[in-house]
Amino acid sequence: MKTSIFLAILTFLLISSCKKDDETLRVKLNIAEDYLSGNQQGWAILSDLEGNVLTCQNFRNGDKLDLKNEIPYKGGDYHLTVVKRSLVIFNECCDTDWDVFDFETFAFISSRDFSLTRQAPESYPDFYPRAYIDLHLDNGALENYFASSTLGSSGGEDWHNPKTVGMKRNSGDVYLIIKMAAEQNWRHAFFEEVANGTTISLNTSEMETVPMSAVETPSDYESSLEILGIRNCDKHEFLTIQSYAKGENGVIPARYSEGIFDRFRSKVTLRKGDETFQFHQLGAPVDFYFPSPLGFNVEDKNIQNFKLSHNSTPTVFEADWHFHTTEFGFDLISEVNWKVWSDFPQDFKAPKLPTCITDESDWINLDDLRLQSVTERKYSSIANYSDYINFYLENRLNPIGCFESNFNMEGTLEVKTKWLW
């Protein structure tokens, strides 16, 4: 009798212990009204750190998902994977021509609420105002120009007056920058609150010289510089004033139109071999960029057991895998793209493909995926990986130029990429 009572108590303790170890995971995910386009399908997957799928749900635009684990979950961090499928059938007589799956995993996260949204402008104008520049070449031939936000460029012989330019939204400002054939520096002019339909008459000799500067870089890298001039991000008053400038011998020419713009967003790009370095700065002009070596090493490329060692914190990493095949006999193009975001505190195991995906396309095999690149992102204005995930999800679809580099209004971002294909 005593033995039976002891065994019953022991059994109860074991059951209680097992129940205590399991936890409930509930994640709320809000889908933007325009997250999917056309006939795209969408799924959200929760998985644990061993790759076990906790739940998989299909979603449509505007859905508010309440994701909950359907198998035992031991607690701690988890992975959230968002899947888009683009199925393109070009005509009714043939098989599927294009079947593309895009996976995006936010790995090792602890947050419970996410929104796949974007911060769109409150309103757009009903029309885009137009103005005309009647430019008189009174001190030589014209080599190149940028006019307002059109970014059109042309040789002097192809210039036709008057030239139509698109003004900035909610503003009647016209910005013009030109390069005379006989001059090393550029010239610029700026006109505020120009009425719609106005023609501006201007002599090239009257335009002020843009103070030219230089960005120093290592001489053994290919280099380039892009500059966005910003007057007011809240009102979206910005223009690309240098879309591309190639450096030579460690020097990149820079034309920062100070006095016209309050601040700038600069992007310096360096390339050498299978490595790319980028430096983004929002605020003052950039004087130099000398990158430090890559701070990470890939030890296992398999997405089912990805090993990345690094010595940087806080840092966000982006790893990209890809698979592409064309089956001509069936007129079928199949493609898988899988992007993983994380600070990778330990080895990453991709979620085992659930039936919600394999029922749609049984041709997907994780062994076919090949690692394309690993990118390290270090922000001066984002303190940790959790803050980055929240910022990224809320701004990922934002088309406004002041935010397109995905970092806060002031600061720097350094991006280092290792290409592995």
Of the non-hydrogen atoms in [X] and [Y], which two are nearest, and what is the gap between them?
X: Ile45; Y: Cys56; value: CG1-SG, 3.7 Å
X: Ile357; Y: Ile364; value: CG2-CD1, 4.2 Å
X: Ser373; Y: Trp419; value: CB-CE3, 3.6 Å
X: Pro218; Y: Leu270; value: CD-CD1, 3.9 Å
X: Ala107; Y: Ser342; value: O-OG, 3.4 Å
X: Lys246; Y: Ile252; value: C-CG2, 4.4 Å

Can you find a pair of side-chain heavy atoms, one from [X] and one from [Y], that are under 4.5 Å apart?
X: Phe296; Y: Asn311; answer: no
X: Glu208; Y: Arg187; answer: no
X: Glu318; Y: Asp320; answer: yes
X: Arg85; Y: Val83; answer: no
X: Phe344; Y: Lys307; answer: no
X: Ser266; Y: Gln242; answer: no
X: Trp98; Y: Leu87; answer: no
X: Asp99; Y: Ser361; answer: yes

Measure from the ring center of [X] to the ring center of [Y] and say whether it is less than 6.0 Å.
X: Phe106; Y: His79; result: no
X: Trp321; Y: Phe103; result: no
X: Phe261; Y: Tyr175; result: yes
X: Phe279; Y: Tyr289; result: yes

Problem - Pair Lys74 + Glu23, salt bridge at N-O below 4.0 Å - result: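 Result for this pair is no, no salt bridge flagged.
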Exercise for the section: Flag the pair Glu226 and Lys267 as a salt bridge only when some basic side-chain nitrogen lies within less than 4.0 angstrom of an acidic carboxylate oxygen. Expected result: yes
Are the side chain of [X] and the backbone N or O of [Y] linked by a donor-acceptor pair below 3.5 Å?
X: Lys272; Y: Thr276; answer: no
X: Thr358; Y: Pro354; answer: yes
X: Asp138; Y: Ser205; answer: yes
X: Asp113; Y: Val27; answer: no
X: Asp63; Y: Arg60; answer: yes
X: Asn203; Y: Glu206; answer: no

Neighbour count >12 (heavy atoms, 6.0 Å) for atom [atom1], [X]:
X: Glu216; atom1: CD; value: no
X: Phe290; atom1: CZ; value: yes
X: Asn249; atom1: CG; value: no
X: Arg112; atom1: CZ; value: yes
X: Glu222; atom1: CD; value: no
X: Lys378; atom1: NZ; value: yes

Practice task
Under the side-chain hydrogen bond (donor to acceptor under 3.5 Å, both in side chains) rule, what do Gln57 and Asp66 come out as? Steps first, then yes or no, please.
Solution key: CA-CA 9 Å; Gln57 290 189 27; Asp66 188 357; over 6 Å; no
Could you state the interatomic distance from [atom1] ([X]) to [atom2] ([Y]), rounded to the nearest 0.5 Å?
X: Ser223; Y: Glu248; atom1: OG; atom2: CD; result: 8.5 Å
X: Asn185; Y: Met212; atom1: CG; atom2: CE; result: 5.5 Å
X: Leu371; Y: Lys301; atom1: CG; atom2: NZ; result: 6.5 Å
X: Leu49; Y: Asp77; atom1: CG; atom2: CG; result: 6.0 Å
X: Leu80; Y: Leu54; atom1: CG; atom2: CG; result: 11.0 Å
X: Tyr73; Y: Leu25; atom1: OH; atom2: CG; result: 4.5 Å

Handout entry: Residue pair Thr204, Asn139: steps toward the side-chain hydrogen bond (donor to acceptor under 3.5 Å, both in side chains) verdict
Key = CA-CA 7 Å; Thr204 55; Asn139 66 332; 2.4 Å; yes
Exercise for the section: Go through the steps to decide whether Ser201 and His136 satisfy the test side-chain hydrogen bond (donor to acceptor under 3.5 Å, both in side chains), and finish with yes or no. Expected result: CA-CA 8 Å; Ser201 181; His136 303 283; 3.2 Å; yes
Consider only side-chain N and O atoms of [X] and [Y], and report whether a donor and an acceptor are under 3.5 Å apart.
X: Thr24; Y: Asn69; result: no
X: Thr199; Y: Asp134; result: no
X: Gln304; Y: Asp367; result: yes
X: Trp186; Y: Thr209; result: no
X: Gln40; Y: Ser86; result: yes

Handout entry: Lys/Arg cation over aromatic Phe277: Lys416, 6.0 Å, 45° cone
Key =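 Here Lys416 fails the 6.0 Å and 45° test against Phe277.
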Exercise for the section: Validate the cation-pi geometry between Lys84 and Tyr35: distance from NZ or CZ to the six-membered ring centre under 6.0 Å, angle to the ring axis within 45°. Expected result: yes
Handout entry: Residue pair Gln281, Thr412: steps toward the side-chain hydrogen bond (donor to acceptor under 3.5 Å, both in side chains) verdict
Key = CA-CA 4 Å; Gln281 179 165 296; Thr412 61; 6.0 Å; no
Exercise for the section: Check the pair Ile71 / Asn52 against side-chain contact (heavy atoms from CB on, under 4.5 Å), numbers first and verdict last. Expected result: CA-CA 9 Å; Ile71 68 170; Asn52 301 308; 4.1 Å; yes
Practice task
In sequence, state the C-alpha distance, the side-chain angles, and the governing distance for Leu176 and Met207, and then conclude on side-chain contact (heavy atoms from CB on, under 4.5 Å).
Solution key: CA-CA 9 Å; Leu176 176 68; Met207 298 177 65; 3.9 Å; yes
Exercise for the section: Would you check, one step at a time, whether the test side-chain contact (heavy atoms from CB on, under 4.5 Å) holds for Phe323 with Trp363? Expected result: CA-CA 11 Å; Phe323 168 72; Trp363 54 266; 4.0 Å; yes
Exercise for the section: Could you label the plane-to-plane angle of the Tyr388 and Trp341 rings as parallel, tilted or perpendicular, counting under 30° as parallel and over 60° as perpendicular? Expected result: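 Plane angle between 30° and 60°, so tilted.
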Exercise for the section: Can you label the angle between the Phe264 ring and the Tyr256 ring as parallel, tilted or perpendicular, going by 30° and 60°? Expected result: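 The arrangement is perpendicular - the two ring planes meet at more than 60°.
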Practice task
Could you give me the CA-CA distance, side-chain angles and deciding distance for Thr417 and Val415, then say whether side-chain contact (heavy atoms from CB on, under 4.5 Å) is met?
Solution key: CA-CA 7 Å; Thr417 301; Val415 181; 4.1 Å; yes
